[in-house]
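To keep things clear, I will list the structure first and then write my remarks on it.
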Amino acid sequence: MESAALNSNLSEKKTDIVCYNMNADYFKTGDFLDWYIANSVLCAILAIATTMANLCILIIIWRTSYLHTPSNVILFSLALSDLGVGLLAQPVAVVNTVAKIQGLINTACISGEAVAALSTYLCGVSLLTVTAVSIDRYLALHLHLRYKQLVTNKRVIALLVLTWLLVALVLLTWLWYPRFILGLGIAVGCICILITSGCFFRIYLVLRYHFRQISIQTHPKTENQESNEALNLTHYRKSVLGMFMVYLVLLFCYLPYLSVACVVAVQGINTTNRLLFELARTLVYANSAINPFIYCWRLQDIRTAVLQRLPCV
């Protein structure tokens with residue numbers, strides 16, 4: 001009854017804008033009340049799983065000295081942004097949905113603005129961090145021995161801090177220029193996907209070439225040298241495959257969101273695409289819950305540290 005009253009009150013408004021940059025369709029559940037309830041329940045469950053899993057990864061990396069490498073520093077940043085999704089963005093999204101269902105317009109306005117800002121910020125940082133992971137893996141292959149000299153923990157930390165600050169700076173203009181920021185976010189997302197795809201494809205070509213060279217060599221090197229080189233490449237390939245899986249899951253979770261965001265940018269908000277937007281956003285949230293399990297499954301160093309620190313696993 002309260003939800004029906006809210007929809008009725010909103011439909012009678014003279015102006016299309018209810019609060020901030022949100023129009024009346026933002027607050028209407030229409031005929032999709034059951035979908036909103038199911039989505040909020042799923043979001044609450046994901047929030048708990050995301051928080052616990054990413055907190056575990058952060059503690060493991062922080063307390064394990066041999067994991068203090070540039071690659072794992074980037075992974076730490078990714079887990080930190082994912083923790084923010086589970087700890088902040090998803091609970092606020094649940095509050096927003098409940099407020100809309102109960103007809104609490106003021107609460108829905110405030111929580112809607114908060115969840116939009118938090119989701120854009122944290123998911124934007126996650127996307128940029130995954131791009132940084134692909135670039136890091138490419139540089140490790142391309143620079144060879146110079147990698148450890150050029151790519152240091154201090155430089156990586158400085159770059160990551162700069163990334164978090166730049167995304168925050170861009171987000172500050174969201175209240176005044178929402179359409180511009182939405183368009184910019186879509187453009188940056190597409191660029192990140194192209195860069196990451198290019199890096200992984202280039203890594204694939206180089207690895208395929210190196211393994212072919214190793215297989216056709218006769219006796220230019222000693223057996224120990226060949227064995228060490230093959231082991232190094234195998235270890236590197238496993239780490240790349242693990243992060244490539246993270247990237248594939250990210251694509252699966254982010255592409256529907258980017259597609260719906262493009263539709264919203266062109267057509268504007270209505271009851272149907274608003275529901276699709278929230279469902280797609282929950283799929284993006286799911287990415288933050290899945291990532292820690294991929295680390296433990298595909299990254300040997302992380303898995304070993306987890307088994308050492310958490311013997312109950």
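These numbers were taken from a predicted model, which means no experiment stands behind them.
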Distance in Å, Leu87 CG paired with Leu55 CG, rounded so as to fall on 0.5 Å steps: 8.5 Å
Donor-acceptor contact present, side-chain Thr97 to main-chain Ala93, <3.5 Å: yes
Just wondering, are more than 12 heavy atoms of other shown residues or ligands nearer than 6.0 Å to CH2 in Trp35? no
Between the side chain of Thr50 and the main-chain N/O of Ala47, is any donor-acceptor distance below 3.5 Å? no
Would a single hydrophobic cluster contain both Ile191 and Val167, if residues Ile, Leu, Val, Met, Phe, Trp and Tyr are joined by side-chain heavy-atom contacts under 4.5 Å? yes
Non-hydrogen side-chain atoms of Ile302 and Asn72 separated by less than 4.5 Å: yes
Closest approach of Ser77 to Trp164 (non-hydrogen atoms, all atoms of both residues): OG-NE1, 3.0 Å
Is the shortest side-chain heavy-atom distance between Phe277 and Val263 below 4.5 Å? no
From Leu58 atom CG to Leu75 atom CG, the distance as rounded to the nearest 0.5 Å: 9.0 Å
Any link between Leu78 and Leu241 through a network of hydrophobic side chains (Ile, Leu, Val, Met, Phe, Trp, Tyr) touching at under 4.5 Å? no
Give a yes-or-no answer on whether the side chains of Tyr295 and Asn54 include a donor-acceptor pair shorter than 3.5 Å. no
Could you give all pairs that pass the ring-ring contact (aromatic ring centres under 6.0 Å, His included) test and reach residues 66-87, with sequence neighbours left out? none
Taking every non-hydrogen atom, the tightest pair across Leu127 and Cys192: CG-CB, 4.0 Å
Audit row: Met243, Ser134, side chain to side chain contact (heavy atoms under 4.5 Å, CB included) steps and yes/no: CA-CA 8 Å; Met243 298 316 301; Ser134 67; over 6 Å; no
Just so I know, are the side chains of Trp297 and Arg303 near enough to count as touching, which here means a heavy-atom distance under 4.5 Å? no
Return the CD1 to CG distance between Ile37 and Leu33, rounded to the nearest 0.5 Å. 4.0 Å
Distance (rounded to the nearest 0.5 Å) between Thr129 OG1 and Asp136 CG: 12.0 Å
With rounding to the nearest 0.5 angstrom, report the CZ to CD1 distance, Arg137 to Ile74. 8.0 Å
4.5 Å side-chain heavy-atom contact, Val246 and Leu250: no
Is there a continuous path of hydrophobic side-chain contacts, each under 4.5 Å between heavy atoms, that joins Tyr121 to Val95? no
Ser81 versus Ser126, side-chain donor and acceptor atoms under 3.5 Å: yes
Side chain to side chain, Thr120 and Val170, heavy atoms closer than 4.5 Å: no
With side-chain contact (heavy atoms from CB on, under 4.5 Å) as the test, pick out the partner of Asp301 among Ile61, Leu67, Thr64, Val306. Leu67
Do you reckon Leu143 sits in the same ILVMFWY cluster as Val133, going by side-chain contacts under 4.5 Å, direct or chained? yes
Provide the closest heavy-atom pair for Ile203 versus Tyr138 in the form atom of the first, atom of the second, distance. CD1-N, 3.6 Å
For the residue pair Phe244 and Phe200, does the interplanar ring angle fall in the parallel (under 30°), tilted (30 to 60°) or perpendicular (over 60°) class? perpendicular
Leu307 and Thr304: side chain to side chain contact (heavy atoms under 4.5 Å, CB included), yes or no, with the steps? CA-CA 5 Å; Leu307 291 175; Thr304 302; 5.9 Å; no
Connecting only ILVMFWY residues whose side-chain heavy atoms lie within less than 4.5 Å of each other, what is the rest of Leu42's hydrophobic cluster? Leu46
Could you report the tightest heavy-atom contact between Gln90 and Cys43, atom names first, then the distance? NE2-O, 3.5 Å
With side chain to side chain contact (heavy atoms under 4.5 Å, CB included) as the test, would you mind laying out the steps for Val156 and Ser71 before giving the verdict? CA-CA 9 Å; Val156 170; Ser71 299; over 6 Å; no
Within-4.5 Å side-chain heavy-atom neighbours: Glu278 and Asn96: yes
Rounded at 0.5 Å granularity, tell me how far CE in Met245 sits from CD1 in Ile290. 11.5 Å
For Val260 and Asn273, the nearest pair of non-hydrogen atoms, with its separation, is CG1-O, 4.0 Å
Keeping Tyr36 on the side-chain end and Val98 on the backbone end, is there a donor-acceptor pair under 3.5 Å? no
Using the rule that Ile, Leu, Val, Met, Phe, Trp and Tyr join whenever any side-chain heavy atoms are under 4.5 Å apart, tell me whether Val115 and Tyr257 fall into a single cluster. yes
Criterion side chain to side chain contact (heavy atoms under 4.5 Å, CB included) on Leu128 and Val188, from CA distance to verdict: CA-CA 9 Å; Leu128 290 171; Val188 171; 4.2 Å; yes
Atom of Leu122, atom of Ala89 and distance for their closest heavy-atom approach: CD1-CB, 4.4 Å
Using the side-chain hydrogen bond (donor to acceptor under 3.5 Å, both in side chains) rule, collect all pairs that involve residues 194-207, keeping only residues at least two apart or in two chains. Thr131-Thr196, Ser197-Tyr247
Ile48 backbone acceptor or donor facing Thr51 side chain under 3.5 Å: no
